[in-house]
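I have placed the structure first, in the form of structure tokens, so that the comments after it can refer back to it.
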Amino acid sequence: MTTHSSDAWADAFDDAHRQATASHTVLLQGYAARLSGALGPLDVAEGRASALVTPRHEEPCRAHLHIAVLSDAERDAFTEALASSRLRATVERGHLPPALLSPEAAGEVALAPGSDQISFACSCRQAPCQHTAALGHDLTQHLRAQPADWLILRGLPLGRLIAALRPRDNAAAPSKSPPPATPSSATAGRSPAVAVSRAYLHAHHAYQAEPAPLPRTHAATAETVRPLLHRPGLTPPPKGPSLAQLRDLTTEAARQASALLADGTLLEGDPVTDAVRRIAALPAAQRTDDSAYRLGLEPATLRRLLTAYSLGGSPAVHTTLHPQPIPPAALSTAITAITPLRPSSRTPLATNNSQITDTALGIALRYGLDARWYPFGVDEQDWECLAASRDDAAAAYRAALAAKRSRARASARC
């Protein structure tokens with residue numbers, strides 16, 4: 001992609017990011033942190049970007065930048081417009097033309113969100129902060145190099161977009177009847193019906209014929225069906241993964257492929273969430289602090305994520321790492337349901353775009369990608385998942401209260 005088109009998308013995001021941060025000082029601090037090499041690997045997924053930020057002489061913080069994804073109606077409108085657009089071929093090749101910044105070219109859909117559609121979260125609990133600003137600056141540069149990732153951030157990855165375009169092609173294409181058979185010299189002068197029936201005669205006999213028997217094969221033995229990596233005498237290259245690691249990787253790949261073929265289960269897109277799932281399957285003795293450091297996490301953070309996985313699997317881990325914006329209607333309904341259940345209502349509930357917090361009790365509710373409520377509680381100045389998710393906020397709040405009381409009784413006994 002040309003520099004101009006790359007800059008157009010990056011500049012559009014940079015403007016919205018600066019307006020959302022609304023602090024020149026914080027933006028400068030974030031810029032300095034990025035220049036000093038404080039950022040870990042950037043993770044870009046649908047509706048958010050995140051990275052571990054470790055400014056000089058400070059504790060590492062996990063920063064998150066949330067971007068509103070397109071609604072179903074907006075996705076349909078954009079896909080419909082792109083299906084007949086001259087820009088379609090360019091997009092299908094993985095490029096994002098700057099012309100699509102104009103809503104007129106994108107089915108009246110604003111692909112670049114406004115500042116009100118960008119929000120921040122950070123483990124330092126002061127977002128927007130220098131950590132989220134550093135993440136925003138890094139994402140700007142990432143979009144200069146890979147502007148098509150903007151589609152991922154808006155909830156419409158390129159592969160899904162191309163797949164959505166195909167049914168529209170089939171609907172738009174006029175039905176075509178098969179071309180008439182061209183009479184050969186042998187059928188010249190005969191009726192067209194006779195020529196066509198003769199042309200399809202061989203196909204008819206082929207379908208009616210009995211299939212030929214399959215060739216005989218030697219009986220399978222234990223050696224011939226044994227997976228390659230489990231056969232004796234194998235020695236992997238000296239600087240590569242060990243044989244046990246290769247076996248584990250192939251077994252995991254086969255498991256994920258089976259799940260995908262069986263029920264369409266997609267691969268986990270967040271590398272940290274996927275790593276937590278893998279670590280949770282290890283014996284307790286193998287869950288070392290080194291695993292946390294390799295992920296750019298503190299050991300205590302990894303322990304909290306493993307607790308979340310034990311309570312709710314990957315969705316609970318994802319909700320712990322990446323709190324999602326709560327839809328306004330769900331937020332209002334949840335507050336109405338929770339208020340009568342509170343032991344003391346002197347302190348009002350604290351709400352932001354991703355969490356409802358009862359500060360008096362140190363418990364909170366988060367809204368997951370699966371539209372379920374996850375109970376959280378404060379543990380060593382950080383939030384930890386307390387119980388399995390619930391369909392409604394009232395049940396989740398009761399679960400949080402029960403878990404908090406149970407822990408208090410356990411601590412008293414100790």
Side-chain angles (χ1 to χ4, degrees), residues 1 3-70 96 98 100-101 110-155 270 272 296-298 301 321-326 350-355 381-383:
M1 172 161 285
T3 302
H4 173 71
S5 59
S6 299
D7 288 345
W9 289 98
D11 290 344
F13 167 75
D14 190 46
D15 289 343
H17 164 241
R18 290 174 181 275
Q19 292 176 30
T21 301
S23 171
H24 186 64
T25 301
V26 170
L27 288 168
L28 286 177
Q29 291 173 341
Y31 189 72
R34 180 179 179 275
L35 288 180
S36 67
L39 269 86
L42 178 66
D43 179 25
V44 176
E46 292 184 36
R48 57 114 184 129
S50 61
L52 189 71
V53 185
T54 312
R56 194 171 299 171
H57 308 306
E58 293 185 28
E59 292 295 318
C61 290
R62 175 67 63 173
H64 308 279
L65 190 152
H66 299 283
I67 299 175
V69 299
L70 298 176
L96 204 58
L100 289 176
L101 281 168
L111 292 181
S115 58
D116 59 333
Q117 294 179 295
I118 296 178
S119 60
F120 309 95
C122 184
S123 58
C124 76
R125 302 188 185 181
Q126 297 178 1
C129 56
Q130 64 166 327
H131 312 108
T132 58
L135 171 62
H137 291 310
D138 198 56
L139 183 56
T140 297
Q141 297 308 312
H142 176 83
L143 291 172
R144 293 193 195 282
Q146 301 183 50
D149 278 2
W150 190 248
L151 291 174
I152 299 177
L153 291 167
R154 294 292 266 157
D270 179 60
V272 176
L297 303 173
E298 290 298 315
T301 302
L321 284 170
H322 315 297
Q324 302 297 309
I326 305 174
T351 61
N352 57 29
N353 69 329
S354 60
Q355 183 168 296
Q381 307 304 313
D382 207 346
W383 292 105

I'd like to know if the side chain of [X] reaches the main chain of [Y], judged simply by a donor and an acceptor atom lying under 3.5 Å from each other, with no hydrogens or angles considered.
{"X": "His137", "Y": "Leu27", "answer": "yes"}
{"X": "Gln141", "Y": "Asp138", "answer": "no"}
{"X": "His64", "Y": "Leu321", "answer": "yes"}
{"X": "Thr21", "Y": "Arg18", "answer": "no"}
{"X": "Trp150", "Y": "Leu111", "answer": "yes"}
{"X": "Arg62", "Y": "Val53", "answer": "no"}

Over all heavy atoms of both residues, which pair between [X] and [Y] is shortest? Give the atoms and the distance, please.
{"X": "Ala12", "Y": "Leu101", "answer": "CB-CD2, 4.0 Å"}
{"X": "Ala16", "Y": "Gly114", "answer": "CB-C, 4.3 Å"}
{"X": "Gly136", "Y": "Phe13", "answer": "O-CE2, 3.4 Å"}
{"X": "Leu39", "Y": "Arg34", "answer": "CD1-CA, 3.9 Å"}
{"X": "Thr140", "Y": "Ala10", "answer": "O-CB, 3.5 Å"}
{"X": "Ala121", "Y": "Thr132", "answer": "O-CG2, 3.7 Å"}

Quick one: pull up [atom1] in [X] and [atom2] in [Y] and give me the separation to the nearest 0.5 Å.
{"X": "His131", "Y": "Cys61", "atom1": "NE2", "atom2": "SG", "answer": "3.5 Å"}
{"X": "Ser23", "Y": "Gln130", "atom1": "OG", "atom2": "CD", "answer": "11.5 Å"}
{"X": "Leu70", "Y": "Leu153", "atom1": "CG", "atom2": "CG", "answer": "10.5 Å"}
{"X": "Leu139", "Y": "Ile67", "atom1": "CG", "atom2": "CD1", "answer": "6.0 Å"}
{"X": "His66", "Y": "Asn353", "atom1": "NE2", "atom2": "CG", "answer": "7.0 Å"}
{"X": "Ser119", "Y": "Leu65", "atom1": "OG", "atom2": "CG", "answer": "7.5 Å"}

Just jot down the salt bridge (Lys or Arg N to Asp or Glu O under 4.0 Å) partners of Glu46, sequence neighbours excluded, or say none.
Arg160
Run the side-chain contact (heavy atoms from CB on, under 4.5 Å) test on Gln355 and Ile326 for me, step by step, so that the C-alpha distance in whole Å, both residues' side-chain angles and the decisive distance to 0.1 Å come before the verdict.
CA-CA 7 Å; Gln355 183 168 296; Ile326 305 174; 5.5 Å; no
Under the criterion side-chain contact (heavy atoms from CB on, under 4.5 Å), I'd like the reasoning laid out for Leu135 against Leu42: C-alpha separation, chi angles, the key distance, then a yes or no.
CA-CA 8 Å; Leu135 171 62; Leu42 178 66; 3.4 Å; yes
Check: Arg48 and Asp43 side chains under 4.5 Å, non-hydrogen atoms
yes
